Structure formats: structure tokens, C-alpha cells
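Each chain gets a letter, A, B and so on, in the order its sequence line appears, and its residues count up from 1. If you're wondering where the values come from, they're calculated on a predicted model, not measured in any experiment.
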There are 2 protein chains.
Amino acid sequence: MTTKKFDSYSYLLDRTARRVKGYAQQRFASGNFDITVDQWLILKSLDNDRYLKQKELAEITGKDNPTLTRIIDLLCKKGLTERVTHKEDRRSFTVHLTAAGTVKLAELSPQVDDIRMKAWQNLTEQDYEQLKTILNKIYQNLES
Amino acid sequence: MTTKKFDSYSYLLDRTARRVKGYAQQRFASGNFDITVDQWLILKSLDNDRYLKQKELAEITGKDNPTLTRIIDLLCKKGLTERVTHKEDRRSFTVHLTAAGTVKLAELSPQVDDIRMKAWQNLTEQDYEQLKTILNKIYQNLES
DNA sequence: ACTTTTTAGTTGTCATACTAATTATTAGTT
DNA sequence: AACTAATAATTAGTATGACAACTAAAAAGT
């Protein structure tokens with residue numbers, strides 16, 4: 001039975017993703033970054049003075065709407081983003097970096113790059129490419 | 001700067017892992033399995049009439065103690081596992097499948113294998129091996 | 001034997017994920 | 001125009017995940 005192993009692959013994938021995120025989160029905490037890894041992902045998506053609807057942010061970051069709402073809530077409470085009412089669609093907000101958010105993004109960017117690198121050391125250029133290809137194949141296999 | 005891309009690799013890994021787990025969870029729900037994917041992982045670890053301490057279960061499943069406690073709570077409430085007081089160490093419980101748990105495990109096993117397979121279709125034998133190797137390298141890179 | 005340190009498990013808090021249900025608004029249909 | 005369907009965002013509920021603090025018991029050190 002070759003199907004048995006897939007359960008353990010799923011476990012391996014889950015475990016590794018958690019470790020990667022957890023490691024980054026620890027470094028975020030010990031560096032007093034004052035944001036979470038997921039909040040960072042949002043900030044980064046709002047770079048270059050972008051005004052994005054939450055719907056678009058959810059798409060970009062691969063998170064669902066309720067999760068987005070709560071992360072934006074937290075970022076607004078920290079004063080790093082702001083909700084701006086959308087002119088043409090009163091159902092929507094656009095989210096935008098505040099001045100403080102822009103500063104935070106610029107400050108942390110090099111440090112985050114550095115932290116992220118740690119997970120991928122000892123991997124060859126080919127490893128990156130293969131991993132990317134395989135993960136995308138898996139993702140597409142489950143596309144609804 | 002080659003360091004930039006690592007942030008997006010981390011994102012890709014996280015996104016894929018969530019998709020794999022989410023897909024399985026949806027199939028669990030639509031099949032009325034009445035357990036979550038994480039609870040399944042515990043049941044499977046208790047196969048073959050094993051009595052495991054929560055500490056050992058945590059180790060095997062890669063979860064921390066509080067998470068384990070809560071998952072076991074739920075499994076016990078569903079009547080699928082039971083806590084047995086440890087004879088030599090009164091701090092510990094051993095966790096064990098009930099009769100109902102054994103039945104559940106046997107019933108779901110082939111279906112879970114089938115569900116899990118879906119994510120990995122179109123991947124070659126070589127892909128599996130590479131993925132496994134790369135994920136393990138990443139995991140070890142972050143070993144404390 | 002007594003004290004200190006470790007260890008197993010629990011509880012509490014916060015953040016993330018997923019689902020379902022709700023509200024307000026827009027788009028589509030007749 | 002009126003009615004219906006679809007959409008953006010929120011809220012509520014449950015589960016997982018990480019961390020800290022706590023209890024009880026065992027192990028180690030003196």
C-alpha cells in the first residue's frame with residue numbers, strides 16, 4: 001500500500017511550516033518587533049503606498065476574511081494601518097499604512113530577511129526551485 | 001539581494017500546509033467523521049493497543065503539552081480515548097484507545113489514506129523524496 | 001532526611017484558522 | 001422601480017498553537 005505514506009507527508013509538511021513560523025515568531029519576540037509574523041505579512045503587502053481592499057489583502061496573503069478583519073483590527077490598534085472608506089463601494093474599506101506603519105516596515109525589513117534566511121541555509125539553489133515547484137503542484141491539486 | 005525571496009518561500013510553505021490540512025478537514029466534515037485532522041493524528045498514534053504518556057504523544061505528534069491536553073480532552077469527551085493513571089508515575093496518565101476509538105480508527109483509516117492521497121497526485125516518486133529531504137533539512141536548520 | 005530542581009500535566013491568555021450566520025450595500029433580473 | 005442574488009466586512013463559535021504560570025509529584029544534590 002503506497003497510500004499510507006501520504007498521511008505522514010502531510011504531517012511532515014505541517015510540522016515544518018509550524019517550525020518555520022514559530023522560529024520567526026520567536027525572533028520577532030526577542031527583537032521586540034511588537035508584531036506577529038502574520039501581521040508582518042500584511043504590512044509587507046501594503047508597501048509602496050498601496051490602498052488595498054480587505055478582500056484583495058485576503059487574496060494576496062492567502063487568509064480568509066474573518067482572519068483578515070482581526071489582523072487589521074490589531075494593526076489599526078497598534079497604529080500601523082488605517083481603514084479608509086472606499087469611495088465607490090461603501091461596503092469596502094481600503095487599508096493603508098500609517099506613517100508609523102511605513103517606518104516599522106522599513107525598520108524591520110532587513111531584520112526579517114535575515115531571520116527568514118536561517119530556515120533555508122544549506123539548501124541549494126536547486127532545492128529552492130524544487131521545493132517551490134512541488135509546493136505549487138500540491139496547492140493546485142487541492143484547488144477548488 | 002537573494003535574501004528577499006526567503007520571506008516568500010516561508011509564505012508559500014505556510015499557505016500550502018494550511019491548504020493540505022484544510023482540504024482534509026473539509027473532507028472529514030463532509031464525511032461526518034466527527035473528528036478533526038489533529039485528533040485523527042492522535043488516534044493513529046495510539047494504534048496497536050498502545051498506552052502512551054501525553055508527553056510521548058506530544059513528542060510523536062509534534063505538539064506541545066497544552067495543545068495535547070486539549071485534544072485529549074476532546075477525544076475523551078467523544079469517548080474515543082481514555083486516560084489511565086500511570087502505575088509508577090503518579091504525575092502521568094497514559095492515553096489509550098477505547099473500543100469505540102479502535103472502531104473509529106479502523107473505519108476511517110482507508111478513507112483518510114484516500115483523502116490524503118489527493119494532495120500528492122501528479123507528483124513523482126522523486127518529488128516525494130526531494131520534498132521529504134528538503135523539509136527535513138529546513139526543520140533541522142531551526143532545531144534549537 | 002531535607003532541600004532543590006525537574007518533570008508531567010493543567011489552566012489561562014492571546015493570535016490564528018475555519019465555518020456559519022448577519023448586516024449593509026451593490027449588481028442583476030424581471 | 002421592485003425584487004432577488006451576490007458581495008464586503010463583521011461577529012460568533014470552536015479548534016489549534018504558542019507562551020507563561022501553576023500544581024503535584026518525582027529525581028537529584030547535599
| How bent is the helix from C/dA1-D/dT30 to C/dT30-D/dA1, comparing axes over its five end pairs at each side, to the nearest 10°? | 20°
| remark: Scanning both residues in full, the closest heavy-atom pair of A/I115 with A/Y23 reads O-CE2, 3.7 Å
| said: Which residues in residues 31-51 of chain B have a heavy atom closer than 4.0 Å to any atom of DNA chain D? | reply: B/T36, B/D38, B/Q39
| A/R90 side-chain proximity, nearest of D/dC19, C/dT26, D/dA26 | C/dT26
| remark: Those residues at least two apart in sequence (or on a different chain) that pass side-chain contact (heavy atoms from CB on, under 4.5 Å) with B/K53 are B/E56, B/H86, B/D89, B/S92, B/T94
| said: More than 12 heavy atoms of other residues, nucleotides or ligands under 6.0 Å from CD of B/E59: yes or no? | reply: no
| task | Return the value, rounded to whole Å, for the distance between atom CD of A/Q26 and atom P of C/dA15. | result | 17 Å
| Would A/V112 and A/L74 show up in the same hydrophobic cluster when neighbours are defined by side-chain heavy atoms closer than 4.5 Å? | no
| Partners meeting side chain to side chain donor-acceptor pair (under 3.5 Å) with B/T124 (sequence neighbours left out) | B/D127
| message | What I'd like to find out is whether the side chain of B/L13 reaches to under 4.5 Å of the side chain of A/L13, using heavy atoms alone. | response | yes
| said: Please report the distance, rounded to the nearest Å, between CD in B/E59 and P in C/dA8. | reply: 10 Å
| field | Within residues 70-86 of chain A, residues whose heavy atoms come under 4.0 Å of DNA chain D | value | A/R70, A/R83
| said: Strictly below 4.0 Å: does A/K63 bring a side-chain N or O up to OP1 or OP2 of C/dT16? | reply: no
| query | Should the pair B/R15 and A/Y139 be classed as cation-pi, given the thresholds of under 6.0 Å to the six-membered ring centre and 45° from the axis? | reply | yes
| Which of these nucleotides, D/dG17, C/dG9, D/dA9, is closest to any side-chain atom of A/F93? | D/dA9
| remark: DNA chain D nearest-nucleotide lookup for A/Q54 and B/G62: closer to the 5′ end is A/Q54
| said: I need the CG-P distance between B/L57 and D/dT16, as an integer number of Å. | reply: 14 Å
| task | Scan residues 67-78 of chain A for pairs that pass salt bridge (charged side-chain N to carboxylate O under 4.0 Å, His left out), counting only residues two or more places apart or in two chains. | result | A/D73-A/R83
| remark: Side-chain atoms of A/R18 come closest, of C/dT11, C/dT16, D/dA18, to D/dA18
| query | D/dT14 C1' sits how many Å from A/D64 CG, rounded? | reply | 14 Å
| message | Output the rounded distance in Å from CG (A/L68) to C1' (D/dT10). | response | 12 Å
Heteroatom pairs (N/O) under 3.5 angstrom, protein to nucleotides 2-7 of chain C:
from	atom 1	to	atom 2	distance (Å)
C/dT7	O2	B/R91	NH1	2.7

| task | Enumerate the residue pairs fulfilling ring-ring contact (aromatic ring centres under 6.0 Å, His included) with a member in residues 60-84 of chain A, sequence neighbours excluded, ordered by first and then second residue. | result | none
| query | Hey, does the side chain of B/Q25 come within less than 4.0 Å of C/dT19's phosphate (OP1/OP2), counting only N and O? | reply | no
| Base, sugar-phosphate alone, or nothing: which one does A/T69 contact when heavy atoms must sit under 4.0 Å apart? | base
| field | Residue pairs fulfilling ring-ring contact (aromatic ring centres under 6.0 Å, His included) with at least one residue in residues 60-84 of chain A, sequence neighbours excluded | value | none
| field | Length of the CZ-P vector between A/F28 and C/dA15, whole Å | value | 15 Å
| Which is true for B/D89 with a 4.0 Å heavy-atom rule: it touches a base, it touches only sugar-phosphate, or it touches nothing? | sugar-phosphate
| task | Go through the structure and list residues passing salt bridge (Lys or Arg N to Asp or Glu O under 4.0 Å) with B/K44, not counting sequence neighbours. | result | A/D7
| Which of the following nucleotides, D/dT10, C/dT11, C/dT19, is nearest to the side chain of A/N65? | D/dT10
| request: Could you please spell out the steps behind the salt bridge (Lys or Arg N to Asp or Glu O under 4.0 Å) verdict for B/K132 and B/E129? | output: CA-CA 5 Å; B/K132 211 164 39 167; B/E129 290 310 312; 3.7 Å; yes
| Rounding to a whole Å, what distance do you find between A/K21:NZ and D/dG17:P? | 11 Å
| query | Got a sec, which pairs hit salt bridge (charged side-chain N to carboxylate O under 4.0 Å, His left out) with one end in residues 20-43 of chain B, sequence neighbours left out? | reply | A/D14-B/K21, B/K21-B/D38, B/D38-B/K63
| message | If you define the side chain from C-beta out and look only at heavy atoms, does anything of A/L108 sit under 4.5 Å from A/W40? | response | yes
| note | Taken to the nearest whole Å, CZ/A/R27 to C1'/D/dC19 is 18 Å
| said: Any base atoms under 4.0 Å from B/T67, or only sugar-phosphate, or nothing? Heavy atoms, all strands. | reply: base
| request: Go through the structure and list residues passing side-chain contact (heavy atoms from CB on, under 4.5 Å) with B/P110, not counting sequence neighbours. | output: none
| query | For B/K53 and D/dA26, is the shortest distance between a side-chain N/O and OP1 or OP2 below 4.0 Å? | reply | no
